[in-house]
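Single-structure report; data block below.
Predicted model only: the values in this text are computed from it and were never measured.
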There are 2 protein chains.
Amino acid sequence: MPRRTLPFDPIVEARKNWENAGWSDAAAGMALVTSVMRAHQILLARVDASLGPFNLSFARYEVLMLLSFSRTGRLPLGKIGQRLQVHPASVTNVIDRLERDGLVRRLPHPSDQRTTLAAITPSGRKAAKLATEAVNRDVFEQTELGEKPLQQLFEGLANLRHSAGDFT
Amino acid sequence: MPRRTLPFDPIVEARKNWENAGWSDAAAGMALVTSVMRAHQILLARVDASLGPFNLSFARYEVLMLLSFSRTGRLPLGKIGQRLQVHPASVTNVIDRLERDGLVRRLPHPSDQRTTLAAITPSGRKAAKLATEAVNRDVFEQTELGEKPLQQLFEGLANLRHSAGDFT
DNA sequence: GAACAATACTTTGAACTCAAACTAAATGGA
DNA sequence: TCCATTTAGTTTGAGTTCAAAGTATTGTTC
């Protein structure tokens, strides 16, 4: 992406336009939604840049970490989709790729032949460890916000997720 | 997307895993980044659902609104990309689609033959108005957060955007 | 003013997400 | 038991984004 710094905040500008158009009730919501979109774009670019050398996208990394933290190192594909809020078709796609790269393998469920398990391999655990070191260092520890603002942000977003029905 | 409510906050869970693994310094950042990813997914789904009936994606809607608020109703494609932080190839794609639907048309720049202008059409202005009414009502005014938390969230994200170099 | 560099946009290809249709297996009544 | 329904996962196709390469035009430098 070509990087360009503007001499003003484009979202503040948009909010003014909303106010002037008589949409004051929606202006703050518009600004928030647009901010989340842009923040997502910024953070995803950082994470992908950090994980790229390991041939991992954020989605594949999340699956790998979920498996590595799971009790037995294996989970049904459906469970993975629920936990990470990804579409079943995307789970299939992600597991395909992880399996192709040898980081995960598919196993039949012992008692239910409809479900298949994804199991992390030793090579998958190794990749998860190295990738985490990279992304911790490059992104997660590089938050330029102080501890308190960061916590506030997290809580605000948690409220949003909660009221969207992600968890009880 | 299949909707599923978990009996716990999966991101809080992930943060505990990070702490237990000895990655305390990165835990809060991980939680924040993951929260932004999920919030984006939630909000984008709402916006897309609201704009769908008008055959608009959020990206196309943003371009349409930027043009409708511009002084002359026309802007160079490059400017659009800078303002909305979208890749030049994506701008081409978005304008292709808007032009195909008659909401925008391409005009040559009067003095620089390299640049092409996107100009909003009367039909584009009409679509922008109707789409805004829908998305204001369905999404932007439906923020379940109070005014102050919303403002705090916005400011936190603005800090993030600022330090990412979006504006000065 | 000719050559080189920069700018603006488009094209092409890879990667990803989601929705819808599909197959297979399990479940729950009548 | 039989049949309809639900559940699990996959396949396919449309829609996006980004990177890289390509084309055309403009600007700059010697």
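- Atom CD1 of B/I80 is separated from atom C1' of C/dT10 by 15 Å (rounded to the nearest Å).
- Two residues, A/Q85 and A/D112, neighbour DNA chain C, and the one matched to the more 5' nucleotide by heavy-atom proximity is A/Q85.
- Regarding A/D48, its CG atom lies at a distance of 14 Å from the C1' atom of C/dA14, rounded to whole Å.
- The side chain of B/A89 has D/dA19 as its nearest neighbour among D/dA19, D/dT16, D/dT11.
- One interatomic measurement links the two molecules: CZ of A/R46 to C1' of D/dC18, which rounds to 18 Å at whole-angstrom precision.
- With salt bridges taken as basic N to acidic carboxylate O contacts below 4.0 Å, one links B/R46 and B/E144.
- In this structure, B/P110 and B/L117 have side chains that are in contact, with non-hydrogen atoms separated by less than 4.5 Å.
- Of all nucleotides listed (C/dA26, D/dC18, D/dT10), D/dC18 comes nearest to the side chain of B/S90.
- Contact between the side-chain N/O atoms of A/S57 and the OP1/OP2 oxygens of C/dC16 is found at a separation under 4.0 Å.
- Side-chain contact, A/Q151 with A/E155: a donor N or O sits under 3.5 Å from an acceptor N or O.
- A/I42 and B/L153 fall into different hydrophobic clusters, defined by Ile, Leu, Val, Met, Phe, Trp and Tyr side-chain heavy atoms under 4.5 Å apart, directly or through other members.
- Residue A/T92 has a polar side-chain atom (N or O) positioned under 4.0 Å from OP1 or OP2 of D/dT10.
- Atom CZ in A/F58 sits about 17 Å away from atom C1' in C/dA15, given to the nearest Å.
- B/D96 has no carboxylate O lying under 4.0 Å from a charged side-chain N of B/R100, or vice versa, which leaves the two without a salt bridge.
- Closest to the side chain of B/P88, from the set D/dT25, D/dT16, C/dT10, is C/dT10.
- The nearest whole Å value for the distance from the CZ atom in A/R114 to the C1' atom in C/dA24 is 9 Å.
- The side chain of B/R60 approaches D/dT16 more closely than any other nucleotide in the set D/dT16, D/dT25, C/dC16.
- Here the P atom of nucleotide D/dA19 and the CG atom of B/N93 are 15 Å apart, to the nearest Å.
- In this structure, B/H87 atom NE2 and D/dA21 atom C1' are separated by 12 Å, rounded to whole Å.
- Along DNA chain D, the nucleotide closest to A/Q41 and the one closest to A/D96 are compared, and the more 5′ of them pairs with A/D96.
- With rounding to whole Å, A/I95 atom CD1 is found 14 Å from D/dT11 atom P.
- Contact check, A/R97 against C/dC16: a side-chain N or O comes under 4.0 Å of OP1 or OP2.
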